[in-house]
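This is a predicted model, so every value here is computed, not measured. Sequence lines set the chain letters: A, B, ... in the order given, protein chains first and strands last, and positions in each chain run from 1.
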Amino acid sequence: MKKDKEFNNIFDECLERIVVDGETLEQCLERYPEQAAELKPLLETVLVVKEASAVEPRPEFKARARYQFRSALQEKAAPKRRPFFGWVPRWATALAIVLVVLMAGGGTVAAASNSMPDSILYPVKLATENVQLALTTSELSRARLCAGFADRRVVEIIYMADRGDAHQVEVITRRLDDRLDMLVVLVSELEADDANGAEAMLSVPDGGDMEPLLVEETAGQGRGHGQPQNRAGLRVVVAGSAANNHAVMWAMLDEVPESVREALLEAIAVLEDGYEDVLQALE
Amino acid sequence: MPSEESLVRRAQNNDQEAFAQLYEEHFDKIYRYLALRVGNEMEVEDMTQQVFLNALRSISSFRWRGVPFSAWLYRIAHNQAVDHLRKKRKRASVPLDESLISSGDSPHSTTELKMDVEQLLQATRRLTEAQREVISLRFSSELSIARVARIMDKSEGAVKALQHSAIVALRRTMLVTEQ
């Protein structure tokens with residue numbers, strides 16, 4: 001028993017030396033000549049196991065999973081980070097409540113924000129977006145909302161493309177086009193920035209290689225983490241969204257059924273043109 | 001580089017960047033862990049996504065009691081894998097997935113490693129649940145003995161013993177297969 005324990009410790013030490021420190025099998029065996037005969041086949045097996053188990057997720061899957069996770073992150077953070085009625089006058093709060101109640105009820109609206117176009121709650125999601133836009137007074141905040149809604153359309157396109165529904169992909173593509181057009185109008189009306197650059201206006205998270213996350217936010221809030229505070233900051237965020245959305249859509253092309261490819265290519269073209277216009281307007 | 005504890009606390013306070021960083025840090029490892037436990041690529045992909053969505057949903061329930069965040073994450077993955085395999089056991093056994101791609105670069109090494117993946121997946125099915133867990137955590141996810149012990153709620157000595165017996169069993173299976 002004691003011998004077993006001692007051998008297990010030696011075996012594990014050799015493993016650490018080979019796996020972590022990069023020592024060769026031979027070097028390790030030289031350290032323990034008495035156990036070398038027993039250690040050798042086991043360590044060889046470990047090397048085979050280790051090499052064989054180094055599987056990697058497919059890049060397309062990684063891109064899609066990352067995108068969906070970030071969308072879920074945004075959805076989760078949105079209600080808590082946005083005291084939706086905290087900043088608006090009382091009359092607007094009352095109006096919004098009436099609208100929301102008329103539409104379906106608060107719980108339904110919250111559930112609807114995660115809904116996809118094949119859900120019965122999806123019309124509530126679209127209506128809620130319009131209410132949010134109507135109740136937001138600052139142009140910058142409306143532009144941020146609009147950019148966030150464009151991101152949502154991209155997620156929906158990917159979702160429907162994945163399910164092989166070319167018709168829905170076309171319908172949502174038109175909605176994406178509308179959102180990006182609206183964004184162009186909104187950013188055209190934004191005032192020019194002062195001397196501060198985008199770097200000063202957009203807090204960049206630690207660990208760098210992450211694309212900036214766009215969080216929908218209504219006006220009147222304090223400066224949030226990663227939130228653009230002027231048009232230069234907004235441009236950085238929109239450029240990040242454009243690159244990310246573009247990459248994910250391209251990655252999806254190989255994944256979707258043949259019947260959806262054409263609709264998805266059209267969506268990519270709309271996305272490219274739309275974001276190009278937005279970024280030009282933000283120059 | 002922020003510590004894991006500070007990242008988790010920020011994530012619990014709805015800091016998206018912090019959670020996104022935890023996601024990036026653990027995604028591949030959780031995928032590899034599930035790949036060796038489950039074997040079928042599509043199922044592994046679905047389950048990997050589900051692990052992180054579950055973590056996102058229940059991050060507020062995570063408490064720091066000396067157990068690292070990764071242990072909690074692997075616990076979610078473990079529960080999912082066990083649940084999945086239990087359901088699957090009721091059905092006929094499914095052939096091993098050949099589409100799992102090893103990270104070898106050259107076409108030659110990819111072919112060799114792919115064979116090894118299949119062989120490995122088949123061999124691990126002969127191990128006990130605990131042995132399989134150790135192999136997945138230790139060699140797929142490359143976790144230390146100490147961390148594996150915490151995840152499995154066992155002593156380091158027990159994990160070393162399981163590791164040893166699992167490797168001996170795998171060796172035996174591989175030799176039989178080669179003959």
Side-chain angles (χ1 to χ4, degrees), chain A residues 1 4-5 7-13 15-16 19-20 38 41-62 64-66 68-81 203-215 224-226, chain B residues 1-2 7 14-21 23-25 27-28 31-32 35-36 41 44-45 48-49 52-53 56-57 99-104 109 112-121 123-124 135-136 138-142 144-145 156-157 159-161 163-164 167-168 170-171 174-175:
Chain A
M1 187 72 183
D4 280 353
K5 199 175 169 187
F7 181 80
N8 283 342
N9 285 337
I10 292 172
F11 176 52
D12 194 62
E13 194 189 320
L15 276 182
E16 291 294 323
V19 173
V20 181
E38 199 177 347
L42 295 181
L43 290 173
E44 281 171 351
T45 307
V46 166
L47 291 177
V48 171
V49 168
K50 206 174 143 23
E51 205 172 4
S53 59
V55 289
E56 296 291 339
R58 292 177 303 125
E60 313 88 77
F61 159 65
K62 264 189 98 165
R64 195 174 67 236
R66 180 185 287 126
Q68 286 171 350
F69 182 73
R70 290 185 179 195
S71 301
L73 263 178
Q74 288 186 21
E75 296 293 346
K76 183 173 187 272
K80 290 186 180 172
R81 294 184 69 160
S203 51
V204 177
D206 295 326
D209 58 346
M210 315 278 301
E211 298 91 341
L213 285 167
L214 187 70
V215 183
H225 187 76
Chain B
M1 184 95 178
L7 276 178
N14 269 337
D15 182 331
Q16 297 182 42
E17 299 302 343
F19 213 133
Q21 223 171 306
Y23 173 92
E24 296 294 336
E25 217 165 278
F27 188 86
D28 285 7
Y31 178 89
R32 282 198 288 269
L36 208 52
E41 189 184 41
V44 171
E45 290 184 351
T48 306
Q49 276 190 282
F52 287 94
L53 291 176
L56 178 62
R57 241 175 257 134
S99 53
L100 283 171
I101 305 163
S102 183
S103 55
S109 70
E112 276 186 355
L113 290 177
K114 206 180 92 173
M115 286 180 69
D116 285 341
V117 175
E118 290 167 30
Q119 198 179 14
L120 178 62
L121 284 168
T124 55
I135 294 296
S136 297
R138 194 83 171 97
F139 303 118
S140 289
S141 303
E142 298 178 324
S144 67
I145 284 283
E156 291 188 20
V159 172
K160 283 179 187 173
Q163 174 179 261
H164 181 204
I167 292 295
V168 169
L170 284 175
R171 174 86 184 172
M174 284 174 178
L175 288 176

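Residue B:Ile145 holds its CD1 atom at 7.0 Å from CD of A:Glu16, rounded to the nearest 0.5 Å. Note that CZ of A:Arg58 and OH of B:Tyr31 are 7.5 Å apart. Values are rounded to the nearest 0.5 Å.
Classification of the B:His164-A:Phe11 ring pair by plane angle, with boundaries at 30° and 60°, yields tilted.
A 4.5 Å side-chain heavy-atom check between A:Lys62 and B:Asp28 finds at least one atom pair inside the cut-off.
When all heavy atoms are compared, the tightest approach of A:Asp12 to B:Lys160 is OD2-CE, 3.7 Å. Among all heavy-atom pairs drawn from B:Leu56 and A:Leu73, the shortest one is CD1-CD2, 3.5 Å. Among all heavy-atom pairs drawn from A:Ala65 and B:Phe27, the shortest one is CB-CZ, 3.9 Å. Considering every non-hydrogen atom in both B:Leu120 and A:Val49, the closest pair reads CD2-O, 3.7 Å.
Among A:Val46, A:Thr45, A:Leu15, the residue making the largest number of heavy-atom pairs under 4.5 Å with chain B is A:Thr45.
For B:Glu156, no part lies near chain A; criterion is any non-hydrogen pair under 4.5 Å.
A:Arg70 and B:Glu24 are joined by a salt bridge, as a carboxylate oxygen and a charged side-chain nitrogen come within less than 4.0 angstrom of each other.
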